[in-house]
Asker: 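If you scroll down you'll find the structure; I have some questions about it.
These numbers come from the heavy atoms of this one structure, side chains and all, not from hydrogens, waters or symmetry mates. Read the numbers this way: they start at 1 and go in the same order the structure lists the ligands and their atoms. What you see is a predicted model; the values in this text were computed from it and never measured.
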Amino acid sequence: MKNLPPEEVIVERGSEGSPIYQNLRRTLPLVRFSFVDDIAAANGGAGGVSNSFGSAKNKLYLAKHKGEFLKKCPGSEGQVCCNYFVINFASNCPMDCSYCYLQEYLADNSALKVFSNVGDLIDEVDATLKKHRGVFFRIGTGEITDSLALEPYTGMVRKILPYFAEQPNVLLELKTKSDCVDSLLDLDPKGRVVVGWSMNPQRVIDADEHATASLTERLNAAQRVQAAGYRLGFHFDPMIEYPGWEADYHAMLEETFAIIDWRKLSWVSLGVLRDTPGLKRTMRERFPRSQLLTGEQVLCPDGKLRYYQPLRVQMYRQMVSWIRRAAPTVKVYLCMESREVWEQVFGFAPSCEKELGNQIAPAS
Ligand code: SF4
């Protein structure tokens, strides 16, 4: 994986006592550290505006997070939601996929940040989990960052994972396109942690998932965490349609299920390429040669562009049939899709988000 260390670490004063600061100092001995009173001011004004999304990835900011850490996944209007919660322990990502929605979502706040107040994160989650012991929470950390790409430097996941491993009513999902799993291997997840990989054929990785781990590296990392006792998830998302996509996706699935014991897979999700007119403008500026700009898409009621519905249904049905052949009872769900598409692919649609959440991750 071509995950280069940051060129500089900028620390907001008050974060020097954080274990994340200690980890950064230890793991980045040759990198310049500087200190500022306020990262928003240091990074160009309100909210930390950075003029160039790409160059913002080269500097890592360490600061206290001042808002709430735990949030309900916003999902997408009118689409079937899977009742997912997210913890944001960092913002932005050192990798650079051409379709990444963060290019639009974080356009005015694109600094690569990791948050130093880990104790506040644990306290907040603990209060919620204790208050609702009868509720089973599925919590992800990869909404506005990659869960593991910064782990070799920050040690964030290693710091918080032992807390989650002890909780009776939570499943923590670490979603990644990296292979940065070393710091997880000697921890005991106690059945409470799923490491989820976003998967695409190597051709798509080469073309549009810049600086991420290769397919082989992702699968090797998945094999290692599975052997260390972690549950696994795979997200074949975003699926890309191009001449010959069937052969590439079929080969990827065969390679995956040849290496991974599907009986230990917690879930598999499917989703097609989604973007917006605004994101496409950014993609045209940053990745003008990407083939993703040429495919035909339609505007859906949630404001997102997707392939037209019959093509999506055909792609999902094809993937489901290959997955079922290799892994007959693995749970498969669609990410951000309409009830009509669910019904055409599976013959049913979950009646509510709670039902889908319970199907994906029943309390155990
Ligand atoms: S790995 Fe995920 S968060 Fe990082 S650039 Fe790619 S899509 Fe965005």
Asker: Using ring centroids (six-membered ring only for Trp), state whether His210 and Phe287 fall under 6.0 Å.
Answerer: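 Aromatic pair counts; centres sit under 6.0 Å.
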Asker: What heavy-atom pair brings Phe89 and Val157 nearest, and what distance separates the two atoms?
Answerer: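 For Phe89 versus Val157, the nearest heavy atoms are CZ-CG2, 4.0 Å.
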Asker: In terms of heavy-atom contacts, does NZ of Lys175 have more than 12 from other residues, nucleotides or ligands at under 6.0 Å?
Answerer: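 Yes - once you tally the heavy atoms of other residues, nucleotides and ligands closer than 6.0 Å, there are more than 12.
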Asker: The criterion is salt bridge (Lys or Arg N to Asp or Glu O under 4.0 Å); which residues satisfy it with Arg13, sequence neighbours excluded?
Answerer: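 In terms of salt bridge (Lys or Arg N to Asp or Glu O under 4.0 Å), with neighbours along the sequence ignored, Arg13 is linked to Asp37.
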Asker: Side-chain heavy atoms nearer than 4.5 Å, only ILVMFWY residues, links allowed to pass through others: does that put Val118 and Tyr21 together?
Answerer: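 Linked within one cluster.
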Asker: Output, by chain and residue number, all protein N/O/S atoms separated from atom 6 (Fe) of ligand 1 by less than 2.8 Å.
Answerer: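 Protein N/O/S atoms under 2.8 Å of atom 6 (Fe) of ligand 1: Cys97 SG.
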Asker: Considering residues, nucleotides and ligands other than Gln22, do more than 12 of their heavy atoms fall under 6.0 Å from its CD?
Answerer: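 Result for CD/Gln22: enclosed.
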